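Below is one structure, written out as structure tokens, with a few remarks after it.
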Amino acid sequence: MANKVRDYQKLATDIKDTIGAENIVTATHCATRLRLVLKKMPDDSATKKIEQMSGVIQVVVSGGQYQIVIGTHAKDVYEHLSGMVNFSEEAPKVKESLVNRVIAVMSGCIAPYVYVMAVAGLLQGILIIIKMFADIGNTGAAQIYNMISWTPFTFLPVFIAVAGAKHFKCNVYIALWCCMALANPTWGNIAATISEGTALDFLFVPLTSVTYTSSVIPPIILVAILSKLEHWVEPRLPEVVRPIGTPFICAAIMVPMTILVIGPVSTVLSNGLASAYNMLYKFIPWLASGLFGAIWEVLVIFGIHWSFTPISLTNYQNMGFDTLQAFKGIAVCAQVAACFGVFWKSRNAKVKNMAASSVATGLFGITEPAIYGITLRFKKPFICGCIGSAIGCAITAFFGSRYFVYAGLPGLLSIPNSIYTDSAAANCEKLGYAGNYSNSVIGILIGTVVAVLVTFIFVQIVGFDDPVEIPEDIPEADAGEVASEISEDSSFTVCAPMNGEVKPISEVPDATFSEGILGQGAAIIPSEGKLYAPFEGTVSSVFDTKHAVCLCGPNGCEMLIHVGLETVTLNGKYFDAKVKDGDKIKTGDLLLEFDLDAISRDFKTITPILITNADDYREINFIKQSGSVKAGEALYEVQ
């Protein structure tokens, strides 16, 4: 939590002087961040100086913006800064590089359903373990669960259609139709006929035998072009025929175009990328694996890791195995070990608690909490994890280790995917890549153990800057004020401010919220576009962009309710505030209305409901932590 600060003008002045007034192009703010577009990014020493300023939580550089996380008083700092610096209210759009745009596309079209793929891969791993101890291969249950586990990969183009339509902003049903045509078993039969030597053509253009089940690049390109085509066709059609004409023209053009051009070309490109990596691995396996293990989590930080998913999927499709995911799993385990090393060595209770929870999520292959909350924050543990991963991966390469089943989130629980079962051997032989891979799982186990031990030991030796817990001495003048606001025996209930589904705050896909940086509380995925007062109190601030409100409640409680993520960029569009600053409110009063359907097309609508001065209270007891909730029901109790 940021230190309490009341002199926002001084904070704004300090930020301006450190960055340089002439260096600030524009400034905006959201509920918690001062967002600056700068001519030149400050050096590390300037950033560290800003992070140490009273009232600043952290600095984040993202999307070409220098974002200073302040908390609910970001608006106050912005207002003072705007009086000191002349800048435009409209921040210019940042021109992204081709690499960044490709990464954004990969992330937008794959990230939304990665957990489905992860669970499917985990289910395959469970089946592998069970088959080692029991002969269940021909049982109905085994075949059903095996079918379930492979379904997301077989119909991967369908998942891409849904996520891609949202990313590229086109009609999801037209995208589904086109992508489902690619996964249609009928096309698989046609492609098989062509591969057997039967010549077929489409309007005199020869057809190829490329199939699209489990494919990534062709459906992504299809949806990207479909978006442009749909937006061009729709306004040019008479309104009366538009609902029928648009899908007809789009499907009639896009499906044949994909089969004739996009599919064959993208397949060549995907195979080329996979071949380049596989060639390096073939000739210098220890070097290829060591380098990959060292940089994998760095790629995760920059979001580049999604670019490697098509390579892995192509490897599984063409060869029946993949080495990349084997090394990803070791890299994940190394970062978890680094996090555990921090937990073991730290004497700070908050750091230990955060490290423990990050280790728990890391066991399931989710390293973002470990990286952003612990290892990268302290820098040295992150580097130790990269070194341990490099050593472990290099050792694993000497065993020829690989995964034979896709792992959505590689890590400790995906190790069974490296077992060379009879079905894996049959699949590799069918694809022409049969071999003696019986030592695969042994190599993975040894490499993982080495990576974990090396990382843990390095963290203990190298150490890190462990924050010292200093008791807060409340000045005598302020003690009476605090005592009058917060009674030791008092408690109050925070009611759900909207209808929807409750989620733990740790599941909000934004580290500023999920790691408790801005406060403690819960989150709700709304099912309707209305926000109600969670208690009786006062509206302290309705943000100009109307996407967030700050409230003062019982016993000096300060609350932030932030509707959706990154919704500040809507500049108030789709939001209608029903209250203003200073209004008195009662539980259940309508605070905001918002167009949920319009917002959800481009933004995550999960809404954090945070007590921003949670450190002033003994504890928060959660009454509702999951499942559906109605506005007005008890959400959590503050004591």
Side-chain angles (χ1 to χ4, degrees), residues 30-33 35 57-58 60-63 65 67 69 71 100 103-119 159-160 162-164 166-167 297 299-307 309 332 335-336 339 354 357-377 408-411 498 500-527 547-548 560-570 594 596 599-610 625-627:
C30 63
T32 59
R33 305 185 187 197
R35 298 168 178 257
I57 297 171
Q58 69 176 128
V60 177
V61 179
S62 177
Q65 292 182 334
Q67 301 178 7
V69 183
N100 285 342
I103 292 169
V105 168
M106 288 295 180
S107 179
C109 294
I110 296 174
Y113 52 87
V114 69
Y115 292 105
V116 173
M117 296 171 66
V119 174
F159 284 85
I160 291 173
V162 177
K166 183 175 182 179
H167 180 80
E297 295 297 348
L299 301 179
V300 171
I301 293 171
F302 289 100
I304 305 175
H305 57 307
W306 295 115
S307 306
T309 300
V332 166
Q335 285 300 317
V336 174
C339 203
M354 186 178 293
S357 62
S358 298
V359 168
T361 57
L363 294 176
F364 292 92
I366 304 169
T367 55
E368 281 80 359
I371 293 174
Y372 297 116
I374 299 294
T375 62
L376 190 61
R377 171 185 170 187
L409 294 173
M498 53 176 52
E501 182 182 358
V502 180
K503 293 289 183 182
I505 199 66
S506 59
E507 292 187 14
V508 177
D510 185 322
T512 306
F513 296 112
S514 62
E515 293 175 10
I517 293 173
L518 292 175
Q520 299 298 323
I524 295 177
I525 300 175
S527 58
H547 73 294
L560 166 68
I561 305 178
H562 193 290
V563 181
L565 303 182
E566 295 297 331
T567 47
V568 63
T569 58
L570 289 170
F594 50 95
L596 181 60
I599 296 171
S600 62
R601 282 198 292 269
D602 301 310
F603 299 90
K604 291 181 173 66
T605 58
I606 189 167
T607 299
I609 303 137
L610 301 177
Q625 297 193 66
S626 61

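Just so it is clear, the model here is predicted, and its values are computed rather than measured. Numbers here are sequence positions counted from 1. All heavy atoms count here, side chains included; hydrogens, waters and symmetry mates do not.
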Quiz item: For F159, what residues pass the ring-ring contact (aromatic ring centres under 6.0 Å, His included) criterion, not counting sequence neighbours?
Solution: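 Checked F159 against ring-ring contact (aromatic ring centres under 6.0 Å, His included); matches are Y113.
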Quiz item: Is the side chain of T607 donor-acceptor paired with the backbone N or O of T605 at a distance under 3.5 Å, no angle test?
Solution: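 Side chain of T607 to backbone of T605, a donor-acceptor pair under 3.5 Å: yes, one is there.
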Quiz item: Would a distance-only check, ignoring hydrogens and angles, find a side-chain to backbone donor-acceptor pair under 3.5 Å from K166 to S600?
Solution: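 A pair under 3.5 Å: yes.
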Quiz item: Could you go step by step and tell me if I525 and K604 meet the side-chain contact (heavy atoms from CB on, under 4.5 Å) rule?
Solution: CA-CA 9 Å; I525 300 175; K604 291 181 173 66; over 6 Å; no
Self-check item: M498 side chain near F594 side chain, heavy-atom distance below 4.5 Å
Solution: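 Contact flag for M498/F594 side chains = yes.
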Can you name the nearest heavy-atom pair linking [X] to [Y], along with the distance?
X    : Y    : answer
A548 : L560 : CB-CD1, 4.2 Å
V508 : P608 : CG1-CG, 4.3 Å
T375 : C339 : CG2-N, 3.9 Å

[atom1]/[X] to [atom2]/[Y] distance, rounded to the nearest 0.5 angstrom?
X    : Y    : atom1 : atom2 : result
E566 : D602 : CD    : CG    : 12.5 Å
I524 : E501 : CD1   : CD    : 10.0 Å
H562 : I609 : NE2   : CD1   : 12.5 Å

Quiz item: Given I606, which of L565, I505, D510 fulfils the side-chain contact (heavy atoms from CB on, under 4.5 Å) condition?
Solution: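 It is L565; the other options fail the test.
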